[in-house]
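Below you'll find the structure, written out as structure tokens, and then a few comments.
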Amino acid sequence: MNTKTKILTEEEILKQPESKYMDDAQLAFFKQRLIDLHDSTLERIKSAKEQMVSPMDFSDPSDRATCEEQSALALRIVDREQKLLPKIKLSLERIRLETYGYCLQTGEPIGIPRLLIRPTAEYCADVKAILEMKETQFKD
């Protein structure tokens with residue numbers, strides 16, 4: 001990937017022809033998007049952790065309960081965000097290997113609109129739907 005590639009906007013990337021799919025410019029766009037997502041995820045984790053370690057010195061039981069509920073929510077945020085970090089790193093590695101944007105199962109393009117919504121997507125929408133149906137069946 002060329003390091004001097006101009007970073008496209010979402011509008012520009014959506015207007016490009018299919019022949020440009022995952023060219024240097026698109027890979028640069030998604031690399032930057034993933035780096036930004038990584039940084040913002042780390043910031044949310046840091047913020048949630050800071051909220052959890054705030055002193056809880058409340059004499060009123062309802063204030064204490066509210067604070068404990070906020071801490072539980074912050075803990076769920078941290079847990080969810082920490083699960084996202086490895087997915088971001090894997091996506092960045094796939095960009096480096098120039099396999100980003102292609103379904104891990106079929107090799108077909110995942111598609112720009114799907115990647116804009118979920119830049120860590122590893123599967124095309126059809127495969128992901130099948131995987132989710134199988135997952136639901138095994139949970140029941």
Side-chain angles (χ1 to χ4, degrees):
M1 187 166 55
N2 183 354
T3 57
K4 295 189 180 199
T5 304
K6 174 193 171 281
I7 302 294
L8 300 169
T9 64
E10 275 191 33
E11 294 76 27
E12 290 171 330
I13 208 168
L14 285 166
K15 289 179 183 175
Q16 289 191 316
E18 284 185 33
S19 62
K20 296 279 188 178
Y21 189 74
M22 291 304 126
D23 65 0
D24 284 349
Q26 289 189 5
L27 288 172
F29 172 88
F30 284 107
K31 180 179 182 179
Q32 188 58 54
R33 171 134 318 173
L34 287 159
I35 289 168
D36 293 345
L37 179 60
H38 184 270
D39 293 347
S40 65
T41 301
L42 285 176
E43 190 57 42
R44 284 190 301 274
I45 290 170
K46 179 182 173 192
S47 175
K49 284 182 176 180
E50 286 171 358
Q51 181 181 344
M52 286 189 300
V53 297
S54 299
M56 285 195 281
D57 187 24
F58 301 109
S59 56
D60 182 9
S62 64
D63 288 344
R64 179 178 301 277
T66 299
C67 187
E68 287 174 4
E69 180 62 32
Q70 288 173 344
S71 290
L73 178 62
L75 187 60
R76 286 194 302 268
I77 290 169
V78 168
D79 183 53
R80 186 186 70 226
E81 299 290 350
Q82 285 182 327
K83 289 177 182 174
L84 180 59
L85 290 174
K87 292 178 182 181
I88 295 169
K89 290 176 183 173
L90 283 171
S91 295
L92 287 167
E93 179 63 11
R94 291 183 71 208
I95 286 175
R96 189 184 70 77
L97 298 172
E98 296 186 0
T99 59
Y100 180 81
Y102 294 92
C103 180
L104 291 178
Q105 189 166 322
T106 65
E108 293 296 315
I110 292 171
I112 297 297
R114 178 160 164 71
L115 290 169
L116 287 171
I117 293 168
R118 185 171 303 276
T120 59
E122 297 177 317
Y123 301 101
C124 59
D126 292 341
V127 169
K128 185 64 176 171
I130 292 167
L131 292 172
E132 286 176 353
M133 279 193 291
K134 286 180 182 178
E135 187 179 302
T136 303
Q137 289 174 347
F138 288 118
K139 282 184 179 179
D140 294 336

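A perpendicular orientation is assigned to the rings of Tyr102 and Tyr21, their planes being inclined by more than 60° (bins at 30° and 60°).
Contact of the Arg33 side chain with the Leu116 side chain is registered, since non-hydrogen atoms from C-beta on lie closer than 4.5 Å. The closest side-chain heavy-atom distance from Pro119 to Tyr100 is below 4.5 Å. The shortest side-chain heavy-atom distance between Leu27 and Arg96 does not fall under the 4.5 Å cut-off. Leu104 is listed as a side-chain neighbour of Arg94, based on a closest heavy-atom distance under 4.5 Å.
Cluster membership check: Leu84 does not share its hydrophobic cluster with Tyr123, using side-chain heavy-atom separations under 4.5 Å among Ile, Leu, Val, Met, Phe, Trp and Tyr. Using a 4.5 Å cut-off between side-chain heavy atoms of Ile, Leu, Val, Met, Phe, Trp and Tyr, with links allowed through other members, Leu73 and Val78 fall into different hydrophobic clusters. Ile110 and Ile130 sit in two unconnected hydrophobic clusters of ILVMFWY residues. Membership requires side-chain heavy atoms under 4.5 Å apart, directly or through other members. Linking ILVMFWY side-chain heavy atoms closer than 4.5 Å, directly or via other members, places Leu131 and Leu115 in two distinct hydrophobic clusters. Hydrophobic clustering (side-chain heavy atoms under 4.5 Å, transitive across Ile, Leu, Val, Met, Phe, Trp, Tyr) keeps Ile77 apart from Leu37.
For the atom pair CD of Glu93 and CD1 of Ile88, the computed distance is 14.5 Å after rounding to the nearest 0.5 Å. Residue Asp39 holds its CG atom at 10.5 Å from CZ of Arg44, rounded to the nearest 0.5 Å. The CG atom of Leu34 sits 10.5 Å away from atom NZ of Lys31, with the distance rounded to the nearest 0.5 Å. The CD atom of Glu135 sits 7.0 Å away from the NZ atom of Lys128 when rounded to the nearest 0.5 Å. In this structure, the separation between OG on Ser40 and CD on Glu43 is 9.0 Å, given to the nearest 0.5 Å. To the nearest 0.5 Å, the span separating CD on Gln26 from CG on Leu8 amounts to 7.0 Å.
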Check the pair Glu12 / Lys15 against salt bridge (Lys or Arg N to Asp or Glu O under 4.0 Å), numbers first and verdict last.
CA-CA 5 Å; Glu12 290 171 330; Lys15 289 179 183 175; over 6 Å; no
Could you walk me through whether Thr120 and Leu90 satisfy the side-chain contact (heavy atoms from CB on, under 4.5 Å) test, starting with their C-alpha distance in whole Å, then the side-chain angles of each, then the deciding distance to 0.1 Å, before giving a yes or no?
CA-CA 8 Å; Thr120 59; Leu90 283 171; over 6 Å; no
Output, in order, the C-alpha distance, side-chain angles, deciding distance and verdict of side-chain contact (heavy atoms from CB on, under 4.5 Å) for Lys49 and Ile45.
CA-CA 6 Å; Lys49 284 182 176 180; Ile45 290 170; 3.8 Å; yes
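Ser91 places a side-chain N or O within 3.5 Å of a backbone atom of Lys87 that can act as its donor or acceptor partner.
Between Cys124 and Pro109, the shortest heavy-atom distance links the atoms CB-O, 4.1 Å.
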